[in-house]
Amino acid sequence: MKGLPGFRDFYPEPIPTADSWSLDLRRHIFDTWRGTAERYGFREYDGPPIEELELYTKKSGDEIVGQLYNFTDKGSRNVSLRPEMTPTLARMAAAHTRNYKKPIKWFSIPQLFRYERQQKGRLREHFQLNADIIGEENLAADAELIALLIDTLRNLKLTSDDFVVRLSSRHAWQDFFENSSAHEKDVCDFYQIIDKLDREDPIVSGEKLAKLGFSLEQVNDFIESGQATDELAAIIGNIEARGLGDFIKVDYQIIRGLAYYTGPVYEAFDKRGKFRAIAGGGRYDHLVKLVSGGKTDLPALGFGMGDVVLAELLKDRGLVPPLGQALDAFVQITDESLRNASLSLVQQLRQAGQATEYPLLRAKPDKQLKRALELKAKWLVTLDNANQAHIKNLGTREEQTVPLVDVASALQD
RNA sequence: GUGGCCGUAGUUCAAUGGUAGAGCCCCAGAUUGUGAUUCUGGUUGUUGCGGGUUCGAGUCCCGUCGGUCACCCCA
């Protein structure tokens, strides 16, 4: 039996093959995500991995169903594995908004699903850091989130040589759109065309734009001008004040595909152009109202950062830290008559907080030593008799003899 | 959903259409008065699966499943 297509198995280090997914690497990423978000004052939340299908079609239309991992459950409900976290967050926030002081700063690390054939950096499931701020319309919130995004990547040891946040805004494009003779109803189609500019044939894009009353040249000129609006200048000023100015630039090519974005939008890109976008987000001021059926109306914004592209990027840049078991002590048993005394010692060490291993069954000395080295044990502990042991630091090769009762404290050094 | 490439032992890879192999890993034993040693032996395959062509298919053809990459879509 194999796993389902597009789903991953995560093995502990050492991973069996070079392209296996490492749970230790995953944990390194999650720990960094969680640690950075908490230092920014964000609180962790979670929701159900399955939601009613309608939660997703409500804001994106029925076309999205083709991309969803959806099915009918035994109660004849139309449900879907969650493809993104934002609708769940909007639902949760709308339901209990009065119970929290504003702004609400929350993050989550959900596993998300989509039903499509896999390709580079895109599987049928992935984990994503989601950080959102609800209830603050000021640009300071946008800047705070972008700073979190940048610091999260910096804490993974990526530098301004590795990535840049490309900042844009729907407001800027809206002004551009309204300064023309185009019809307001076409604005969503217009955004779609901009979103596809870099992967669509320019001739096709030009034709589509012409139908809405624009020329490709006109659009390209606007993108190339890269002139920051007051809104974007304020965000960049905020980021610069934190000393993170090297990590951000205006780029009107970014507009994001989703219909619900309403203001500033951004994506973090690998500077060498080898990978897909590392992260993306923006402001969605009307989504909470939409999901709550009009009961609650709160401005909101957020970003998502997936683990698949990130893991590939870290491996590519040699930024994966040493991973694997970090054993404190290996208690070897060379004399089986001392097994019970050794077990007693193992118990003491474990109770003292030392990660401790020992041979479950009689084993040859060379095998035991080899195992201790493979497990990267810091200490090798051997009982000489029922009252005395010698401990060896496997890093420095220093050895000393200590009374049995002092072993645990000797290992603390 | 569409298309390209790929599929041999746990793993990395061999095998002109002619008896399916090697290194590594793993396991056992021997040696070693403790630093990854050395020696000996051993397990493992319906060649992804199902058809077809052929005297004979890992090899050629078709289908299917899986992997991978691109398209569609982008959360």
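What you see is a predicted model; the values in this text were computed from it and never measured.
Across all strands shown, B/C60 forms a Watson-Crick or G-U wobble pair, both distances under 3.5 Å, with B/G52. Across all strands shown, B/U68 forms a Watson-Crick or G-U wobble pair, both distances under 3.5 Å, with B/G4. Across every strand in view, B/G29 sits in a pair with B/C39 that passes the Watson-Crick or G-U test at under 3.5 angstrom. B/C24 and B/G10 make up a base pair, with Watson-Crick or G-U wobble contacts both under 3.5 Å. Pair check for B/A15 finds none; no Watson-Crick or G-U wobble contact set falls under 3.5 Å.
Residue A/Thr86 is out of contact with every strand shown, counting any heavy-atom pair closer than 4.0 Å. Here A/Pro5 lies in heavy-atom contact (under 4.0 Å) with sugar-phosphate atoms only. Across all strands, A/Gly304 comes closer than 4.0 Å to no nucleic acid atom at all (heavy-atom distances). Among the heavy atoms of the strands lying under 4.0 Å from A/Leu394 is at least one base atom, whether or not backbone atoms are also near. Among the protein residues, A/Gly6 comes within range of the sugar-phosphate backbone only, with heavy atoms under 4.0 Å from sugar or phosphate atoms but none that close to a base. Among the heavy atoms of the strands, none lies under 4.0 Å from A/Glu200. Among the atoms of the strands shown, base atoms are found under 4.0 Å from some heavy atom of A/Glu116.
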Next on the checklist: Using the rule given for salt bridge (Lys or Arg N to Asp or Glu O under 4.0 Å), can you reason through A/Lys208 versus A/Asp195, listing the C-alpha separation, both sets of side-chain angles and the distance that settles it, and then say yes or no?
Outcome noted: CA-CA 13 Å; A/Lys208 286 182 179 172; A/Asp195 184 47; over 6 Å; no
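A/Gln192 has its CD atom 13 Å from the P atom of B/C72, to the nearest Å. Computed from coordinates, the A/Gln119 CD to B/U68 C1' distance equals 11 Å when rounded to whole Å. Computed from coordinates, the A/Leu369 CG to B/U31 C1' distance equals 15 Å when rounded to whole Å. Nucleotide B/C71 holds its P atom 7 Å from the CZ atom of A/Arg276, rounded to whole Å. Here the P atom of nucleotide B/U32 and the NZ atom of A/Lys370 are 18 Å apart, to the nearest Å. In this structure, A/Glu374 atom CD and B/G35 atom C1' are separated by 12 Å, rounded to whole Å. Note: NZ (A/Lys392) to C1' (B/G33) measures 12 Å, nearest angstrom. Taking atom CG on A/Asp198 and atom P on B/C72, their separation rounds to 11 Å, with Å as the unit.
Along RNA chain B, the nucleotide closest to A/Lys120 and the one closest to A/His126 are compared, and the more 5′ of them pairs with A/Lys120. Nearest-nucleotide mapping onto RNA chain B: of A/Leu380 and A/Gly280, the residue sitting toward the 5' end is A/Leu380.
Comparing the C1' positions of B/C74 and B/U64 gives a spacing of 30 Å, expressed to the nearest Å. B/G23 and B/G17: their P atoms are spaced 25 Å apart (whole Å). The same atom, C1', is picked in B/A9 and in B/C27; the two are 15 Å apart, to the nearest Å. B/U43 and B/G48 have their C1' atoms separated by 22 Å, with the value rounded to a whole Å. Atom name C1', nucleotides B/C72 and B/G3: the rounded distance is 12 Å, in whole Å. Comparing B/G51 with B/U59, their P atoms are spaced 14 Å from each other, to the whole Å. Taking atom C1' in both B/U16 and B/A20, one finds a spacing of 16 Å when rounded to whole Å. For the P atom pair drawn from B/A22 and B/U44, the interatomic distance equals 13 Å after rounding to whole Å.
The ring-ring contact (aromatic ring centres under 6.0 Å, His included) test with A/Trp173 singles out one residue from A/Phe214, A/Tyr191, A/Phe222, and that residue is A/Phe222.
One can find a donor-acceptor pair under 3.5 Å joining the base of B/G3 and the side-chain atoms of A/Arg117. Side-chain atoms of A/Arg122 come within donor-acceptor range of the base of B/C74, with a qualifying N/O pair under 3.5 Å.
Within 6.0 Å of OH in A/Tyr40 there are more than 12 heavy atoms belonging to other residues, nucleotides or ligands. No more than 12 heavy atoms of other residues, nucleotides or ligands sit less than 6.0 Å from atom NE2 of A/His183.
Remark: A/Gln67 is not in phosphate contact with B/C74, judged by side-chain N or O atoms under 4.0 Å from OP1 or OP2. Put simply, A/Lys364 has a side-chain N or O that comes within less than 4.0 Å of OP1 or OP2 on B/A30. In this model, the phosphate group of B/C27 is not approached by any side-chain N or O of A/Lys367 to a distance below 4.0 Å at OP1 or OP2.
Residue pairs meeting the salt bridge (charged side-chain N to carboxylate O under 4.0 Å, His left out) criterion with at least one member in residues 284-301 of chain A, sequence neighbours excluded, are A/Arg283-A/Asp285.
A donor-acceptor pair is defined here as one N or O able to donate and one able to accept, closer than 3.5 Å; such a pair exists between the side chain of A/Lys102 and the backbone of A/Tyr100. Here the side chain of A/Glu125 pairs a donor or acceptor atom with the backbone of A/Arg8 at under 3.5 angstrom. Judged purely by atom type and a 3.5 angstrom limit, A/Asn78 has no side-chain atom pairing as donor or acceptor with the backbone of A/Leu53.
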